[in-house]
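Notes follow once the structure below has been shown.
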Amino acid sequence: MAGKKIGVLALQGAFIEHQQAFERCGAECIQVRSAKEIAEVDGLVIPGGESTTIGRLLREYNLGSVVLGRAAQGLPIWGTCAGMILLAKDIADSDQYRLGLMDIRVKRNAYGRQVDSFEGELDIVGLGPARGVFIRAPYVEAVWNEAKILCTYQDRIVMVEQGPYLATAFHPELTDSLDIHQYFLQM
Ligand code: GLN
């Protein structure tokens, strides 16, 4: 996808792995930490990490409003894990900061302690099989309006698309597959 520039929000979390995955796809990908950088990109990834920390930094540096401004212009945004939480309108039992762009309700740390982190075989609508790496992952409890379920795992919703927004509860950037990065590039 020549000419398109992806930004990975690099305030906290697993941003380097996303950058490397996009570069392996042949796309230009920069780390973004400022309004100027957010203004430059054609797509934005909000990585996994700690959603309360990323949210606090978005608010403190006034970057949340910048992201929302770009979203209003149609900027495609993909959130993985903590990033998915930040995209949600509704976060179960939490009033933490969020961008609130997707019509989904998420539950944080939803898989409990014993299975804190695990891997599973996924089957994604339109993409087929994928390896899912879940790390203190959320899942989606409910979707409404135009939010479309792309993948469930053990009866729980783990991937959703809504217009220019994509959310994954798992971490494709920690696998060898570039399928979902390619998918986002097409968005
Ligand atoms: N548990 C984290 C949160 O609630 C998300 C974990 C992750 O991004 N790997 O923010």
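The figures that follow rest on heavy atoms only: side chains count, while hydrogens, waters and symmetry mates do not. For reference, positions follow the sequence shown, starting with 1. Order of listing sets the numbers, starting from 1, for every ligand and every atom in it.
- Listed by atom number, the atoms of ligand 1 under 4.0 Å from Cys81 heavy atoms are 5 (C), 6 (C), 7 (C), 8 (O), 9 (N).
- At under 3.5 Å, a nitrogen or oxygen of His171, whether backbone or side chain, sits near a nitrogen or oxygen of ligand 1.
- Contacts of Ile85 with ligand 1, taken as heavy-atom pairs under 4.0 Å, involve the side chain alone.
- Scanning the protein heavy atoms around atom 10 (O) of ligand 1, the nearest turns out to be Ser51 N, 2.6 Å.
- For Pro138, no nitrogen or oxygen atom sits less than 3.5 Å from a nitrogen or oxygen atom of ligand 1, counting backbone and side chain alike.
- Of the protein's non-hydrogen atoms, Arg108 NE, 2.7 Å is the one closest to atom 4 (O) of ligand 1.
- Rounded to the nearest 0.5 angstrom, Gln19 CD and Glu28 CD are separated by 10.0 Å.
- Counting the atoms of ligand 1 from 1 in the order shown, those under 4.0 Å from a heavy atom of Asn109 are 1 (N), 2 (C), 4 (O).
- Nearest approach of Glu23 to Cys29, heavy atoms of both residues: OE2-O, 3.7 Å.
- Between Phe134 and Phe118, the angle of the ring planes stays under 30°, which puts this pair in the parallel group of the 30/60° scheme.
- Tyr61 pairs by the ring pair (Phe, Tyr, Trp, His ring centres under 6.0 Å) definition with nothing, not counting sequence neighbours.
- Other residues, nucleotides and ligands contribute at most 12 non-hydrogen atoms within 6.0 Å of the CD atom of Glu146.
- A salt bridge links Glu40 and Lys36; the closest N-O separation between the charged side-chain nitrogens and carboxylate oxygens is under 4.0 Å.
- The single protein non-hydrogen atom nearest to atom 2 (C) of ligand 1 is Gly49 O, 3.6 Å, given as residue, atom name and distance.
- Contact detail for Ala147 and Val160: the closest heavy-atom pair is CB-CG1, 3.8 Å.
- Contact atoms of ligand 1 toward Gly48: 8 (O) (distance under 4.0 Å to a heavy atom of the residue).
- Set against the non-hydrogen atoms of Arg136, the atoms of ligand 1 under 4.0 Å away are 1 (N), 2 (C), 5 (C), 6 (C).
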